Amino acid sequence: MTSPGNALDEAFARAQANSRAALIPYLTGGFPQPSEYVELAVAILDAGADALEIGIPFSDPLLDGPSIQRSQQQALEAGVTPADCLEYAREIHTRTRKPLLFMGAYNPVLAYGVSKFCAAAAQAGVSALIVPDLPFEEQAELRVAAHASGLHVIQLVAPTSTPDRLRRACEVATGFVYCISVSGVTGARRNVAITARPVVERVRQVTHIPVAVGFGIANPDTVREVATFADGVIVGSALIDLLSAPGDARGPAVEFIRDLAEATAQ
Amino acid sequence: MTSSQTDSQPTAASQHPGWFGDFGGQYAPETLMAALTQVERAYEECKHDDTYLSELSALQATYVGRPTPLYHAQNLSTRYGADIYLKREDLAHTGAHKINAALGQGLMAARMGKRRIIAETGAGQHGVASATVCAMLGLHCVVYMGAVDIERQALNVFRMNLMGAEVIPVTSGTATLKDAINEAFRDWVANVDESYYLIGSVVGPHPYPTMVRDFQAIIGQEARRQMLDTVGSLPGWVVACVGGGSNAMGIFHPFVGDRVVQLIGVEAGGRGASIGDNAASLVYGVEGVLHGAKTYVLQDKFGQIAGTHSVSAGLDYPGVGPEHSHLKRSGRATYVSIDDTEALHAFAETSRSEGIIPALESAHAIAYACRLAEEAAQGGSILVNLSGRGDKDVNQVQDIMDRDR
């Protein structure tokens, strides 16, 4: 069996070969409707996303702004569990070979059982895990289990990361390095490219694996700017906001992804 | 590799400072990691800096009113059959032990050049202590407080405002202490350069559990000396209430090496044992990660943090300091729970029989001490941390009494 992580590596390689940044939207698992989640996710991937981050909803998401917090709350109220998210991934994976990532807090992973969760995620076709409340110092158990299942554990670096921390994070990084664009929680902001660029440049000095930028990217203009210096762009809150609007939000969401995808040319 | 092998491997992390056996650590977003290291270094410097230490010690005496007295609760002792001693943290400035850690951290933040202090508060006592220290040191203070707690602790909100602090209501999640901590962390992530997060309990990522414990350990150091000086012996039991666990860690810490002294933490039993009906993380919770540390957590089987209930806002928290988790697992301390009704009874009884209105939090400890005196400690001596005064609770208790009448 090929390692599930390879799908992500291939997606970055493909985007790079086409002189584009990979577009990676974030979508909270089971949001806005559990029953329509798989269809929505597939539509977003078909509209030009290169990979999808599936958010595992958590009751206390420390690093998320109001939009994603609310989406997680709504998903939890609808009864969405980590097992449901695994099932979404499995179904999406039967419909598209684009890579899937899980993003979420550590506690639900611990409660599921770290090794068991990694094995189940790999089985469902997931390529990588992003656990933002788990700095590299505390990752030993997760990394061993994830790598045994062929999953990447994505390292995050921030504008506040010291040179030493940045180097150590990149040393253990596989898949790509996730650059947090600004000091702050998730959510739309101005001037993302200005604060993100120096972080990306610092990462480039210590690693050759792809570098993606997330937090605050909300429109095609910012995607276009970030695509000039990064290998990937991650868009979360802006998509969640669109999907939070009353009525059928799928059309506008798909349109939004199409617009962002067009802006990824380098 | 099989899953059981992976799970049983010791992690490299457990070798790092900030671990208490299997618990603690630094489960924090990368954005905050450099700031945590900065706090850790500043604290290490302060611990060995004579100027800092003498300033702290002078303010403990002249501003906080330390040492706080040890009081022999004669009437309760006679009624229940063991000598009950109350460590009077309720007499510290602002009316609770919270001032100890707020002062230590406030002085340190000022030295670090941080002009903006972020704090969270449940019952409001830590918010008041932070606002107090910030007023004295000329720092800007922002306090996050759950909307539910704002309602039940209106007096403390007024006190914070009076001292110039900005109180920000938190409506997310359950609108109580855990959500206030979430918001405080989010604020810190966004304003990390100019701000210091003044955590009020022995919770959070390293170095907070160690640092807050050290600042609170003055309670136990004084009490231990007072017991030896005035009674002539160590107590058989030390009893303290546990929410996040700072007053308990503070009084336990100097007694941990005294194997003859039994340490008992009293959690909030609320209205029952079901999930959501109590705040007793060590009695009913399981191991998890919350607010930066691995510790016992009240959660559902999917790892979602549980809602909690306690009549006492200061104990209404689904996690607990990681060192308590270690003391429980190692067997050095025992953790029990006292329900709302028992706590309210102790609140009234201590008021009537000793002329001391205890905080509802501390009333949990007194309730258990009285039971212990009656059952296991006959003729022995029990040291109870009276962590705060109950003035803040009188409106709430009056409402409950009126409702039950």
Side-chain angles (χ1 to χ4, degrees), chain A residues 56-66 69-70 73 76 80-83 104-116 118-119 131-142 144-145 147-149 155-162 164-166 169 178 180 182-185 215, chain B residues 1-14 16 18 25-38 172-174 178-179 181-193 205-206 286-292 294 297 299-307 318-319:
Chain A
I56 297 177
F58 184 50
S59 53
D60 295 76
L62 264 194
L63 206 53
D64 283 312
Q69 274 178 51
R70 273 195 302 272
Q73 198 57 44
L76 289 174
V80 175
T81 66
Y106 192 43
N107 201 53
V109 176
L110 262 185
Y112 196 97
V114 174
S115 296
K116 202 174 134 205
C118 290
V131 188
D133 61 348
L134 204 61
F136 57 80
E137 288 94 331
E138 311 294 7
Q139 279 172 2
E141 185 180 2
L142 182 70
V144 168
H147 293 171
S149 296
Q155 303 300 322
L156 292 99
V157 299
T160 51
S161 298
T162 59
D164 178 56
R165 292 197 58 81
L166 189 132
Y178 189 137
I180 298 174
V182 292
S183 292
V185 294
F215 283 44
Chain B
M1 182 176 290
T2 69
S3 73
S4 64
Q5 277 171 341
T6 307
D7 286 345
S8 64
Q9 272 182 351
T11 63
S14 60
H16 290 187
Q26 263 181 334
Y27 293 83
E30 176 61 27
T31 313
L32 289 179
M33 290 302 286
L36 290 170
T37 306
Q38 203 183 28
S172 61
T174 55
K178 88 171 165 74
D179 309 287
I181 295 178
N182 291 342
E183 283 307 320
F185 268 113
R186 288 174 191 134
D187 181 321
W188 201 26
V189 168
N191 302 289
V192 62
D193 286 342
H206 176 67
V286 296
E287 194 176 316
V289 167
L290 177 64
H291 293 146
K294 188 176 270 188
V297 177
Q299 54 184 311
D300 69 12
K301 63 179 173 178
F302 303 114
Q304 305 298 342
I305 308 307

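This one's a predicted model, so the numbers in the text were calculated from it and none came from an experiment. Each chain gets a letter, A, B and so on, in the order the sequences are listed, and its residues count up from 1.
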Across all chains, not counting sequence neighbours, the salt bridge (Lys or Arg N to Asp or Glu O under 4.0 Å) partners of A:Asp60 are B:Lys178
So, the part of A:Pro159 with a heavy atom under 4.5 Å from chain B: the answer is neither
So, the part of A:Pro135 with a heavy atom under 4.5 Å from chain B: the answer is both
Rounded to the nearest 0.5 Å, the CD atom of B:Glu287 sits from the CG atom of A:Asn107 at a distance of 10.0 Å
The interface call for A:Asp64 against chain B, heavy-atom contacts under 4.5 Å, is backbone
So, the part of A:Tyr112 with a heavy atom under 4.5 Å from chain B: the answer is neither
So, the part of A:Leu110 with a heavy atom under 4.5 Å from chain B: the answer is side chain
Query raised in the report: Between B:Lys294 and A:Glu138, is any pair of side-chain heavy atoms under 4.5 Å apart?
Result: no
Sequence neighbours excluded, the answer for salt bridge (Lys or Arg N to Asp or Glu O under 4.0 Å) partners of A:Arg70 is none
Assert top hit (heavy-atom pairs under 4.5 Å, partner chain B, pool A:Ala158, A:Ala111, A:Ser59) equals A:Ser59
Output for pair (B:Glu30 CD, A:Leu134 CG), nearest 0.5 Å, gives 11.5 Å
Note: B:Gly303 and A:Phe58 closest approach over all heavy atoms is O-CE1, 3.3 Å
